[in-house]
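Hydrogens, waters and symmetry mates are skipped; everything else that's a heavy atom, side chains included, is used. Computed from a predicted structure; not experimentally measured.
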Amino acid sequence: QVQLVESGGGLVQAGDSLRLSCTFSGRTFSVYSMGWFRQAPGKEHELVAAITRNGGRSYYADSVKGRFTISRNNPENTLYLQMNSLKPEDTAVYYCAADNYFIIRYRRQDYDYWGQGTQVTVSS
């Protein structure tokens with residue numbers, strides 16, 4: 001049984017930085033492509049960033065490109081999202097998700113396992 005646990009969210013001011021972490025357990029982390037989704041109140045889940053199994057390729061939504069960086073440490077079974085220059089519109093619950101596939105996919109239904117989410121709130 002795969003378990004994903006996010007941490008690192010919080011309340012920050014615009015322009016600040018946060019680093020989210022997601023610990024993976026239950027299966028072999030390195031066979032999963034990973035993604036960070038977010039859901040703001042009243043909105044659909046949005047894929048913010050994703051990374052392939054070995055970290056060789058990544059994807060970023062246009063809204064976060066140049067500000068967020070996704071990375072992974074396979075020996076430590078951990079996924080990260082470094083978020084810089086945060087904006088109020090980044091406020092959302094952030095979820096990590098695992099996809100047992102070799103390339104990055106973009107739809108919520110492509111991801112097999114999800115964490116419980118961590119709240120990020122950015123004040124102006």
### Task
Look only at the side chain of Ser58 and the backbone of Ala50, and say whether a donor-acceptor pair between them is shorter than 3.5 Å.
no

### Query
Roughly how far, to the nearest 0.5 Å, is the CD atom of Glu46 from the CD atom of Glu44?
11.0 Å

### disulfide bond (SG atoms under 2.5 Å apart) contacts in which one or both residues fall within residues 93-124, not counting sequence neighbours
Cys22-Cys96

### Message
Quick check: is Met34 connected to Phe102 through a chain of hydrophobic side chains (ILVMFWY, heavy atoms under 4.5 Å apart)?
### Response
no

### Summary
OG (Ser17) and CG (Leu86) are apart, to the nearest 0.5 Å, by 6.5 Å

### Message
Does anything in residues 101-113 form a salt bridge (Lys or Arg N to Asp or Glu O under 4.0 Å)? List the pairs, not counting sequence neighbours.
### Response
Asp99-Arg105, Arg107-Asp110

#### Entry: ring-ring contact (aromatic ring centres under 6.0 Å, His included) partners of residues 44-71, not counting sequence neighbours, each pair once
His45-Tyr95, His45-Trp114, Tyr59-Tyr106

### Message
So, using side chain to side chain donor-acceptor pair (under 3.5 Å) as the criterion, who are the partners of Gln82 when residues are at least two apart?
### Response
Asn84

### Message
Check for me, please, whether Ile51 and Leu4 land in the same ILVMFWY cluster - side-chain distances under 4.5 Å, paths through other members count.
### Response
yes

### Message
Looking at Arg67 and Ser85, would you say the former's side chain and the latter's main chain have a donor-acceptor pair under 3.5 Å?
### Response
yes

### Distance-minimising heavy-atom pair for Gln39 and Ala92
O-CB, 3.4 Å

### Query
Would you say the side-chain atoms of Thr78 pair up with the backbone N or O of Glu76, donor to acceptor, closer than 3.5 Å?
yes

### Contact list for residues 12-34, test salt bridge (Lys or Arg N to Asp or Glu O under 4.0 Å), sequence neighbours left out
none

### Task
Tell me, please, which residues at least two apart from Asn100 pass side chain to side chain donor-acceptor pair (under 3.5 Å).
none

### Message
Looking at Ser33 and Tyr101, would you say the former's side chain and the latter's main chain have a donor-acceptor pair under 3.5 Å?
### Response
yes

### Query
How close do Leu47 and Ala49 get, heavy atom to heavy atom, and via which atoms?
CD1-O, 3.5 Å

### Task
Please report the shortest heavy-atom distance between Gly117 and Glu6, naming the atom on each side.
N-OE1, 2.9 Å

### Query
In Å, rounded to the nearest 0.5 Å, how long is the span from CG of Asn54 to OG of Ser30?
9.5 Å

### Message
Do Ile70 and Val48 land in one hydrophobic cluster if side-chain heavy atoms of ILVMFWY residues count as linked below 4.5 Å?
### Response
yes

### Task
Provide the full list of ring-ring contact (aromatic ring centres under 6.0 Å, His included) pairs with a residue in residues 2-24, sequence neighbours left out, each pair given once.
Phe24-Phe29, Phe24-Tyr32

### Query
Which pair of non-hydrogen atoms, one from Ser63 and one from Arg38, has the smallest distance, and what is that distance?
OG-NH2, 3.4 Å

### Task
Verify the neighbour count for atom CD of Gln1: are there more than 12 heavy atoms of other residues, nucleotides or ligands below 6.0 Å?
no

### Message
Please enumerate all residues that pass side chain to side chain contact (heavy atoms under 4.5 Å, CB included) together with Val120, with sequence neighbours excluded.
### Response
Leu18, Leu20, Met83, Tyr94, Val122

### Partners meeting side chain to side chain donor-acceptor pair (under 3.5 Å) with Arg53 (sequence neighbours left out)
none

### Query
Within the side chain of Trp36, is there an N or O that forms a donor-acceptor pair under 3.5 Å with the backbone of Tyr80?
yes

### Query
Is there any disulfide bond (SG atoms under 2.5 Å apart) pair reaching into residues 30-84, and which pairs are they, with sequence neighbours excluded?
none

### Summary
Across all chains, not counting sequence neighbours, the side chain to side chain contact (heavy atoms under 4.5 Å, CB included) partners of Lys43 are Ala40

### Shared hydrophobic cluster for Val93 and Leu81 (ILVMFWY, side-chain gaps under 4.5 Å)
no

#### Entry: Counterpart residues, side chain to side chain contact (heavy atoms under 4.5 Å, CB included), relative to Thr121 (two or more places apart)
Leu11, Thr91, Gln119

### Message
For the NZ atom of Lys87 and the OG atom of Ser124, what is their distance to the nearest 0.5 Å?
### Response
13.5 Å

